[in-house]
*Asks:* 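One structure is given below, represented as structure tokens, and several questions about it will come after.
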Amino acid sequence: MDTIGIVYVAYGKNAVKEATESIRTLRRYHDLPIAIIRDKVGGMDHIDCPGEGLPGRWPKVNVMRLSPFDQTLYLDADTRVRGKLDIGFRILDDGWDLVIVPSETQKQPLHHLDAPERDVTLAEIGDGLPLMLNTGVMWFRRSERMERLFGEWRREWLRFKRHDQGALLRALEKCPVKLWLLGRDYNGGEVVEHLFGKASR
Amino acid sequence: MAKVWVRALGAVFYSEQGRKARALPGDWIQVGKHQARSWLAQGIVEIPEPHRRADVQDLDKCGVVVRGDIMPDEVCFGVIRHQLGEPSLPYEYTVIWDPSLKTSLQGIEAGLMRLGNAELFPDGDSWEALATLVSLTTIASDVGSAEEQRKTEMVVGDLRLPVYDTRLLWIRRTPATEKLIDMWASELAKGSDEQHSFLRSLYSSRIMMCTLPPGWQDKQIQWTP
């Protein structure tokens, strides 16, 4: 039987504070094991990871390698859980590799990337208008296909060492997986509130 | 890799003998097929002659299934084969199109080129289908009858799912996509809701779906040279 659990990345004092609060809200709905990558958060299993590039991103693109679980729910530290999150694990059990939510803003593709990375990403994806995916809430299971995707995600992130979402889109183009989408309620809505950017302030 | 000539529609930066070069609108550039496909998909270059464009895109493996009884005459399919019918996969790369959605040859080709990239990675997995979302906010609980919603919730476990626009689908034929289309066509024949039955069939078939944002189709038409 697969082990399941939840992983956060906490990098810096703000992120530790945010992760602590996120866990407090999570515990109202789940008593699943939790592991924290990078900085310590009281009482939780801790996994070390060196920093590189934009803070917090290198641990995120390594999260599958670092996670102790067969099925992982990754949550950004600046999320607040307002409902049960079993659905993602059920979808993984039904044979999907990755469960994720489209980004809230789609009008200007990859607007948050620096121009060189944005241009490269749009050119390599090939149609100029990808569906952007928010990596702040994602369920994934350990598998060969996901190992390949995460390996490619790391390689892509190392090209610019900045944001992770453009790197993920480039990686998915090279290593597609069985990806199931959930609606915004699960990242920036009623089930998972997302206080975007609060962990880095 | 074989090279092809493309004509720039806007300013295009490319590499020539290791140096950065720029083509202005109207300039002809010779590039590899993969680069040509990518630029054609973005609408920044063109190959005006359909038979030469078809060579770049390997359109002999592609076709369009037009849903309904009447073949619309406002879309010129060029060299792409086409037939009337219900959803099926008669071609290696099939576009399933409901003419109630306006499209263009470029829109159809753009999706085919994304799927055609599968041949660049013969040893790995590749996208098996492309489809756009209806919107970023429409979820399964917003559409269909209570009975359809109940059926979808039983299959997937939740109705907080983005909904696909099933009027234009690009599908690479594989065992999993054959299962998807067989299931969907079977549900449609029984009168099931189009979008809910597609979600249920998609979930059960577990294909590698490349989901496109709403408005992707409109962007392709805008890029029509």
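Scope of the values below: all heavy atoms of this structure, side chains included, with no hydrogens, waters or symmetry mates. Here the structure is a predicted model, which means the values were calculated and not measured. Every chain is numbered from 1 and lettered A, B, ... according to where its sequence line falls, protein lines coming before strand lines.
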*Asks:* Any side-chain heavy-atom pair from A:Arg82 and A:Arg80 closer than 4.5 angstrom?
*Replies:*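 Yes. Closest side-chain heavy atoms under 4.5 Å.
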*Asks:* Using non-hydrogen atoms and a 4.5 Å limit, figure out which bit of A:Val191 sits close to chain B: side chain, backbone, both or neither.
*Replies:*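 Contact with chain B: side chain only.
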*Asks:* Any Lys/Arg nitrogen of B:Glu187 or B:Arg200 sitting under 4.0 Å from an Asp/Glu carboxylate oxygen of the other?
*Replies:*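 B:Arg200 and B:Glu187: salt-bridged.
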*Asks:* For the interface with chain A, which of B:Ile139, B:Leu133, B:Ile207, B:Val156 has the highest count of heavy-atom pairs at distances below 4.5 Å?
*Replies:*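 Between B:Ile139, B:Leu133, B:Ile207, B:Val156, the count favours B:Val156.
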*Asks:* Please identify, among A:Leu172, A:Asp86, A:Leu179, A:Val101, the residue contributing the most non-hydrogen atom pairs under 4.5 Å to chain B.
*Replies:*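 Most heavy-atom pairs within the cutoff with chain B belong to A:Leu172.
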*Asks:* Heavy-atom distances under 4.5 Å only: say whether B:Leu202 touches chain A with side chain, backbone, both or neither.
*Replies:*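 For B:Leu202, heavy atoms of backbone and side chain both lie under 4.5 Å from chain A.
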*Asks:* Taking the six-membered ring of A:Tyr11, is NZ or CZ of A:Arg38 closer than 6.0 Å to its centre and within 45° of its axis?
*Replies:*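 Judged by the rule, A:Arg38 and A:Tyr11 form a cation-pi pair.
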*Asks:* For B:Trp216 and B:Thr132, what are the C-alpha separation, side-chain angles and deciding distance, and is it a side-chain hydrogen bond (donor to acceptor under 3.5 Å, both in side chains)?
*Replies:* CA-CA 7 Å; B:Trp216 190 87; B:Thr132 58; over 6 Å; no
*Asks:* After noting the C-alpha distance and the side-chain angles of A:Phe140 and A:Phe150, does the key distance pass the ring-ring contact (aromatic ring centres under 6.0 Å, His included) rule?
*Replies:* CA-CA 11 Å; A:Phe140 53 87; A:Phe150 266 88; 5.1 Å; yes
*Asks:* Could you tell me which of B:Met208, B:Glu128, B:Arg160 has the largest number of non-hydrogen atom pairs under 4.5 Å with chain A?
*Replies:*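 Ranked by contacts with chain A, first place is B:Arg160.
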*Asks:* Relative to chain A, which segment of B:Val163 carries a heavy atom at a distance below 4.5 Å: side chain, backbone, both, or neither?
*Replies:*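 Neither; nothing under 4.5 Å.
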*Asks:* Apply ring-ring contact (aromatic ring centres under 6.0 Å, His included) to A:Trp153 and A:Trp58, showing your working.
*Replies:* CA-CA 10 Å; A:Trp153 193 8; A:Trp58 181 240; over 10 Å; no
*Asks:* Working to the nearest 0.5 Å, report the span between CZ of A:Arg154 and CG of A:Asn62.
*Replies:*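 Atom-to-atom, A:Arg154:CZ and A:Asn62:CG are 5.0 Å apart.
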*Asks:* Given that the side chain runs from C-beta out, which part of B:Leu161 has a heavy atom under 4.5 Å from chain A: side chain, backbone, both or neither?
*Replies:*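 For B:Leu161, heavy atoms of backbone and side chain both lie under 4.5 Å from chain A.
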*Asks:* What are the two closest heavy atoms between B:Pro213 and A:Leu131, and how far apart are they?
*Replies:*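 Scanning both residues completely, I find the closest heavy atoms to be CD-N, 3.6 Å.
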*Asks:* Give the ring-plane orientation class for B:Trp97 versus B:Phe77, where under 30° counts as parallel, over 60° as perpendicular and anything between as tilted.
*Replies:*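 Taking B:Phe77 first and then B:Trp97, their aromatic rings stand perpendicular (interplane angle over 60°).
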*Asks:* Between A:Ser67 and A:Thr72, is there a side-chain donor-acceptor contact under 3.5 Å, judged purely by atom types and distance?
*Replies:*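 There is such a pair between these side chains.
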*Asks:* Is there any residue in residues 88-96 of chain A with a non-hydrogen atom under 4.5 Å from a non-hydrogen atom of chain B, and which ones are they?
*Replies:*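 If one takes a 4.5 Å heavy-atom cut-off, the residues of residues 88-96 of chain A near chain B are A:Arg90, A:Ile91, A:Asp94, A:Gly95, A:Trp96.
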*Asks:* Tell me, for B:Phe13 versus chain A, whether the close heavy atoms (under 4.5 Å) come from the side chain, the backbone, both or neither.
*Replies:*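 Contact with chain A: none, neither part.
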